[in-house]
**Q** 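First the structure, then my questions, so here it is.
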2 protein chains.
Amino acid sequence: MPRLAGSSKLLRAMNESAALAHLLEPGMLTRADLRRLTELSTPTISEVLRRLTDAGLVTVVGYNSGRPGPNAEIYAADPDAAYAAAVSVRDIGPSGAPSVVAALCDLTGAVRARIENPVDFLHTDPRTALVDVVAELSGAAGVPADRVHHVQLGVPGSYDSGTATIRHVDVPGLNRPGLVPEIAAALGTRVGVDNDVNLAAVAERRRGVAREVDGFALLWLGQEGLGLAIDIAGTLIRGARGGAGEIGYMPLYSPDSTHRKVDLQDLFGGAAILALGRDHGITGGTPYEIVAAAAAAPDASGEFFTHLADRIAVGLAAVIAVLDPSLVVLAGPVAQAGGQTLLTAVKGALRRAAPLESTIAVTTIDDDAVLLGALDAGLTAVREALIASIRDNQA
Amino acid sequence: MPRLAGSSKLLRAMNESAALAHLLEPGMLTRADLRRLTELSTPTISEVLRRLTDAGLVTVVGYNSGRPGPNAEIYAADPDAAYAAAVSVRDIGPSGAPSVVAALCDLTGAVRARIENPVDFLHTDPRTALVDVVAELSGAAGVPADRVHHVQLGVPGSYDSGTATIRHVDVPGLNRPGLVPEIAAALGTRVGVDNDVNLAAVAERRRGVAREVDGFALLWLGQEGLGLAIDIAGTLIRGARGGAGEIGYMPLYSPDSTHRKVDLQDLFGGAAILALGRDHGITGGTPYEIVAAAAAAPDASGEFFTHLADRIAVGLAAVIAVLDPSLVVLAGPVAQAGGQTLLTAVKGALRRAAPLESTIAVTTIDDDAVLLGALDAGLTAVREALIASIRDNQA
DNA sequence: GGATTGATTAATCAACTTAACTGACCTAGC
DNA sequence: GCTAGGTCAGTTAAGTTGATTAATCAATCC
């Protein structure tokens with residue numbers, strides 16, 4: 001643990017960083033608020049604010065009134081000081097074909113533009129597709145491209161940050177080594193990449209059901225595959241090569257080796273749900289449609305949910321035994337379709353299967369969780385870069 | 001993230017903390033070394049060292065020579081500035097009966113005393129047993145009791161730090177609520193409690209095979225039960241109620257529900273290993289003896305190890321799928337007995353079972369890993385308390 | 001004896017704090 | 001309805017703390 005040491009310059013940098021960090025939290029602050037939060041004296045706060053406004057990071061957004069004395073100035077981070085972009089690549093978009101969904105937000109998190117393009121990755125290089133969509137975003141938002149400080153990518157696969165390559169992905173070309181650095185170079189911004197399930201977990205922590213919890217596991221039940229995100233005290237566990245949570249391939253124990261090897265994907269992946277629906281006479285072309293149809297007629301489909309929940313509980317029991325999370329969130333299209341019906345079924349199945357008790361919940365995010373999570377991740381990256389940049393500018 | 005802000009006093013506290021932190025790392029440092037490490041100026045380093053020596057935390061341990069100029073003073077943390085004690089409670093000690101193993105070390109980590117007492121917990125309250133053993137330790141080491149700043153307990157169960165209670169433990173009386181605060185009050189020191197497997201992982205990171213790794217999972221194969229410790233970048237994952245890694249009760253999937261519920265403990269817990277040994281005609285009263293006997297005759301016991309490894313691989317595959325650790329360490333008496341023979345068998349079984357590849361290794365700690373890990377954990381607690389105390393003393 | 005290095009001393013600088021001061025705004029009292 | 005007093009926002013000035021640079025002294029090797 002390298003502890004900081006330094007001179008008065010470090011002190012100033014720390015104080016400015018602290019003030020900026022508070023101002024970047026949603027909400028507007030007066031000098032008195034900052035004084036209370038940072039425990040700095042009035043003149044220092046004034047000096048810090050003068051420098052931050054000079055740097056264009058902070059602006060006066062209003063005045064207090066109704067109390068004796070002069071009206072206190074209300075400060076907030078300038079929304080237009082920097083922007084973050086998010087791009088979610090999916091092999092099966094809402095239309096069934098591969099697509100790219102993207103959004104751009106300002107420093108307060110307000111979405112300024114949002115677009116969705118079907119992309120034929122067989123004939124389009126991911127690099128140009130992604131660079132183009134970011135350019136289109138900043139155009140649509142009317143924002144200078146160089147103010148976009150961070151682009152966050154969400155991919156349906158795992159990302160190995162050590163080698164900067166995307167793996168376990170079905171989108172053609174996306175696993176090419178060197179792709180991410182190329183994109184970063186072409187865009188001229190910092191580029192972050194993460195698993196789409198991980199980003200959904202980020203959204204769940206920021207605006208979903210996992211807001212106040214100290215750690216949680218998110219089980220993603222997708223149209224195709226399934227995944228797991230692990231949040232420990234707000235930080236995501238990604239594993240040695242970004243492979244943490246790739247539980248689809250988790251092999252299951254078979255007592256007599258005559259059984260063929262079965263993994264979790266075979267139990268409640270997309271294809272398994274399709275088959276399970278067929279067995280119970282529920283019609284639907286996609287897992288989402290099947291589960292939604294079943295949830296619409298809960299009386300007729302009780303057995304379907306019991307079977308599905310039993311299978312989900314097999315995976316969850318392993319996760320709970322390893323991690324003991326204080327909350328387990330069911331998310332992804334299938335979980336959204338299943339809603340409360342699926343939730344109660346899974347709760348019952350887990351009570352039968354797992355010895356440790358865990359709170360289970362369904363996601364409360366209606367919108368595109370992956371995209372929102374990517375925006376959140378990009379935004380925190382931008383904010384931390386701003387806070388860190390103050391330190392370096394001083395030195 | 002609450003960022004620090006403050007005045008010059010904070011700066012001094014930070015600089016002193018940084019210097020002390022460097023001096024607490026093993027190794028002796030000259031003023032020039034500290035200057036390089038902290039990037040502080042010579043007069044500041046002198047002032048910091050003067051204050052630290054005045055506080056009795058740091059002493060001159062020697063002088064440089066052989067180079068031009070005056071002989072530089074060599075500083076190091078005073079070994080006798082504080083001590084840490086470690087107590088490992090086990091329901092089956094080396095003699096077969098419940099026992100308490102304890103050790104005391106100085107600030108450099110040198111062991112000053114080590115004792116082992118069989119304790120009949122049916123007739124002895126854990127509180128008095130533990131308080132007595134700490135008193136005995138400081139007596140044996142010839143150390144004033146009030147210099148023992150931290151006592152680290154290792155228990156064969158999980159510890160819920162939220163409610164300060166030990167759970168999932170077989171030792172009578174150890175799960176009594178309020179026990180830990182009582183012990184802390186009676187001793188007058190800070191008391192830390194952790195799962196014995198977690199402490200073994202601490203030892204593995206500090207002095208074992210996991211020294212340089214960025215994260216690892218440790219599978220403990222004990223005489224009775226089994227456990228898992230998860231280290232992510234040097235911090236242990238304990239879960240919501242301290243139950244992370246309690247994989248003994250992890251239920252296994254059974255395709256036809258006619259099978260009775262099977263968990264990992266049934267696969268390769270102590271009783272399962274005894275049964276497996278019987279099936280293969282290997283004699284021995286304890287799991288350790290069986291595996292040791294098998295390892296002594298590797299040619300005759302190939303099938304035994306294959307079967308055992310296949311079972312272990314079932315559990316490990318789940319752990320690897322969830323966490324993707326860069327290293328998996330096999331530890332505990334059974335793993336030590338199995339040694340390289342067991343290791344190669346597990347490697348082969350995992351290659352067949354798990355899709356993600358992980359490096360596997362056997363522990364390299366010959367001594368009592370739990371006790372050593374408890375000492376390490378206690379020592380870091382003492383060091384961090386010292387570093388933190390500087391900040392508070394200034395204010 | 002010269003070069004080099006360890007450590008202290010002196011002078012300067014940077015940044016925060018306390019305290020005094022200015023000015024705006026509300027409220028109460030006539 | 002006007003004015004005096006009180007309160008609070010923010011600035012200015014003086015003082016304090018602590019770190020840096022530069023100069024000095026002293027010890028050791030070659």
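We name chains A, B, ... by the order of the sequence lines, and we start the count at 1 in each one.
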**Q** Check every atom of D:dT20, D:dC8, D:dG18 against the side chain of B:Ser8 and return the nucleotide holding the closest atom.
**A** D:dG18
**Q** Consider the side chain of B:Ser46, meaning its heavy atoms from C-beta on, and name the nucleotide among D:dT20, C:dT8, C:dG6 that approaches it most closely.
**A** C:dT8
**Q** Which of the following nucleotides, D:dT20, C:dG6, D:dC8, is nearest to the side chain of B:Ala72?
**A** C:dG6
**Q** If you only use heavy atoms from C-beta on, which nucleotide in D:dA19, C:dT8, D:dA26 is closest to the side chain of B:Ser41?
**A** D:dA19
**Q** To the nearest Å, how far apart are B:Leu29 CG and C:dG6 P?
**A** 14 Å
**Q** Taking NZ from A:Lys9 and C1' from C:dC16, how many angstroms apart are they, rounded to a whole number?
**A** 16 Å
**Q** Between P on D:dT21 and CZ on B:Arg35, what's the gap in Å once rounded to a whole number?
**A** 8 Å
**Q** Would you say that more than 12 heavy atoms from the other residues, nucleotides or ligands in this model lie under 6.0 Å from the CZ of A:Arg112, or not?
**A** yes
**Q** Can you find a side-chain donor-acceptor pair between B:Arg31 and B:Ser46 that sits under 3.5 Å?
**A** yes
**Q** I need the CG-P distance between A:Leu40 and C:dA15, as an integer number of Å.
**A** 14 Å
**Q** B:Asn64 near the nucleic acid: base, sugar-phosphate alone, or nothing, with a heavy-atom cut-off under 4.0 Å?
**A** nothing
**Q** By nearest nucleotide on DNA chain D, pick out whichever of A:Gly6 and A:Ile74 is the more 5' one.
**A** A:Ile74
**Q** Expressed in angstrom and rounded to an integer, what is the separation of B:Leu49 atom CG from D:dA19 atom P?
**A** 13 Å
**Q** A:Pro68 has a side chain; which of C:dG6, D:dT21, D:dG6 sits nearest to it?
**A** D:dG6
**Q** Under 4.0 Å: is that the gap between some side-chain N or O of A:Arg12 and OP1 or OP2 of C:dC16?
**A** yes
**Q** Figure out the CG/P separation between A:Asp33 and D:dC8, and round it to whole Å.
**A** 14 Å
**Q** If the cut-off is 4.0 Å, is B:Arg31 near the phosphate of C:dT8, judged by side-chain N/O to OP1 or OP2?
**A** yes
**Q** Take the protein atom CD1 of A:Ile45 and the nucleotide atom P of C:dT17, then report the distance between them rounded to whole Å.
**A** 9 Å
**Q** On the nucleotide D:dG18, are OP1 or OP2 found under 4.0 Å from the side-chain N or O atoms that B:Ser7 carries?
**A** no
**Q** Do B:Asn15 and B:Glu47 pass the side chain to side chain contact (heavy atoms under 4.5 Å, CB included) test, and can you show the C-alpha distance, the side-chain angles, and the key distance before you say yes or no?
**A** CA-CA 10 Å; B:Asn15 289 342; B:Glu47 174 71 3; over 6 Å; no
**Q** Between A:Arg67 and C:dT27, is there a side-chain N or O to OP1/OP2 distance below 4.0 Å?
**A** no
**Q** Above 12 or not: heavy atoms from other molecules or residues under 6.0 Å from CZ of A:Arg67?
**A** no
**Q** Salt bridge between B:Arg207 and B:Asp376, side-chain N to carboxylate O under 4.0 Å?
**A** yes
**Q** B:Glu73 near the nucleic acid: base, sugar-phosphate alone, or nothing, with a heavy-atom cut-off under 4.0 Å?
**A** sugar-phosphate
**Q** How many Å lie between CG on B:Leu11 and C1' on C:dT17, as a whole number?
**A** 15 Å
**Q** Identify whether the distance between the nearest side-chain nitrogen and carboxylate oxygen of A:Asp33 and A:Arg36 falls below 4.0 Å.
**A** yes
**Q** Classify the nucleic acid contact of A:Asn15 as base, sugar-phosphate or nothing, counting any heavy atom under 4.0 Å across all strands shown.
**A** sugar-phosphate
